[in-house]
There are 2 protein chains.
Amino acid sequence: MRDIAARLQVYPASVQWHVKTKDDLLAAVAGSVMADISVPADDMPWQAWIVALFRRCRQAVRRHPNVTPLIGAQLVSNASLPADLVDGVLRTLERAGFVDESLLEAYNTVIAAMLGFLTMEFAPLPAENPQRWADELRERVHTVRPLDHPSLARALPVLANRAFIVRWENGVTAPMDASFERHAAIIVAGLDAFARAQRQAAG
Amino acid sequence: MRDIAARLQVYPASVQWHVKTKDDLLAAVAGSVMADISVPADDMPWQAWIVALFRRCRQAVRRHPNVTPLIGAQLVSNASLPADLVDGVLRTLERAGFVDESLLEAYNTVIAAMLGFLTMEFAPLPAENPQRWADELRERVHTVRPLDHPSLARALPVLANRAFIVRWENGVTAPMDASFERHAAIIVAGLDAFARAQRQAAG
DNA sequence: ACCTGAACACCGTTCAAGT
DNA sequence: ACCTGAACACCGTTCAAGT
């Protein structure tokens, strides 16, 4: 609040006149980021539509990575209610054949997979002493004992700083492009299987 | 910090002796929650193992829902490095046939899907005025215009307070059991398709 | 309608001093 | 080794007063 006031060259209290509280301001910021996720056109297969949405969403989030915690990890973000986005996902999943409860479940999977991955990819580092923290974690990663954790030890060269939990940079400096693409593909393949099972059950 | 000190009936400054900084304390808390996710046994198909892990993880997180933001949305959580968990996931994905880059991608999908969903399910409400906030959002949801957003309007009875973005309670008071189960199943089905494609490409 | 100026309550952290 | 007691810097918010 005080920083914003300083940036605007006004007194701290002035900000409160425009926005009631700090939470309200953060909600507005999150809403603004959510709002500029434009939705793909409907002239493609539903599978391609989902993947396209994943990519657009990542582009939008990437422009303001510091906002990600608000979107994924706080219910505040909902206040914005990006109806175009929600409606688009639902419309597309209906095309895939989902209805009622299966539509709900497919929708929740899409949103959780999309925003969940991005929340984690761009999770901020500890504000305190990022460099010291990164060094410590990197060190700890290298002390994995091959006899206790053979798979981890073996995979370490591939995983180090590229895999969740085993990294010391976030998506801002170490983007996870390939994994994000794969994640989107896996979600779509899984939804496809679910849709087929639904159709078969329906007769 | 001050609350903890009060709870322990000591002066605020006393806490700093045991833990250097607030961030360090939060990292320790996150680590403690991560640490009590025990890993399933290896005597089941890899698909069942992944689903079992999803369930165990949710149980652990559910016991301390307020910690979820630390786990999903902050890189601090990594500091704990739950090696048993990471090694277990890798070992299981190796059983499924993944290696090198495909192992990395499959691993990232599993972790993001698991922790990402939980982060969102248990995302905290705005601390400020939860009731007022919930009322406002519920109201806004009901003003969706059917001509502008037909799919959303039609699905609203099913989605209201049960779907991401369209809810005003979090998983503590409104658990998303069915969607979580479905999400796990979709991830496994998607991984399965990926594994088959890998095998085929390998010859 | 929008900002000033001062004040208040709160909170993480420091540090010299105690035991 | 562990805590006290006081102090400091910082930050979101309030409010009467200005224009």
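Lettering of chains follows the sequences in order, A, B, ..., and the numbering in each one begins at 1. Predicted model, so just to flag it, every value in this text is computed and none were measured.
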Which of these nucleotides, [options], is closest to any side-chain atom of [X]?
X: A/Ser14; options: C/dT4, D/dG12, C/dT13; answer: C/dT4
X: A/Gln16; options: D/dG12, C/dT13, C/dG12; answer: D/dG12
X: B/Ala13; options: C/dC3, D/dT13, D/dA6; answer: D/dA6
X: B/Lys22; options: C/dG12, C/dC3, D/dC3; answer: C/dG12
X: B/Pro12; options: C/dT4, C/dT13, D/dC3; answer: C/dT13
X: A/Tyr11; options: D/dC11, C/dG5, C/dC2; answer: C/dG5
X: B/His18; options: C/dC2, C/dT13, D/dC2; answer: D/dC2
X: B/Met1; options: C/dG12, D/dT4, D/dT13; answer: C/dG12

What is the distance, to the nearest angstrom, from the [atom1] atom on [X] to the [atom2] atom on [N]?
X: A/Trp17; N: D/dA16; atom1: CH2; atom2: C1'; answer: 17 Å
X: A/Arg2; N: D/dT14; atom1: CZ; atom2: P; answer: 13 Å
X: A/Gln9; N: C/dG5; atom1: CD; atom2: C1'; answer: 17 Å
X: A/Lys20; N: D/dT14; atom1: NZ; atom2: P; answer: 10 Å
X: A/Leu8; N: C/dC2; atom1: CG; atom2: P; answer: 14 Å
X: B/Arg7; N: C/dC11; atom1: CZ; atom2: C1'; answer: 17 Å

Validation row, ring centre B/Phe98 to ring centre B/Phe194 under 6.0 Å: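 Yes, the ring centres sit under 6.0 Å apart.
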
Approximate separation, where rounding is to 0.5 Å, of B/Arg58 CZ and B/Ile37 CD1: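 These two atoms lie 13.5 Å from each other.
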
Donor-acceptor contact present, side-chain B/Arg138 to main-chain B/Ala160, <3.5 Å: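 No; zero donor-acceptor contacts below 3.5 Å.
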
C/dG12 phosphate, OP1 or OP2, under 4.0 Å from B/Thr21 side-chain N/O: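 No, outside the criterion.
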
Identified pairing partner of C/dG12, criterion: Watson-Crick or G-U wobble below 3.5 Å: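 Partner of C/dG12: D/dC8.
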
G-U wobble or Watson-Crick pairing nucleotide for D/dG18 (cut-off 3.5 Å, both distances):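 Here D/dG18 is engaged in a pair, and the nucleotide opposite it is C/dC2.
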
Whether A/Phe164 and A/Phe117 hold their rings parallel, tilted or perpendicular, with breakpoints at 30° and 60°: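 Because their plane-to-plane angle is over 60°, the rings of A/Phe164 and A/Phe117 count as perpendicular.
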
Pairing of A/Glu101 and B/Arg162 as salt bridge, 4.0 angstrom limit: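 Yes.
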
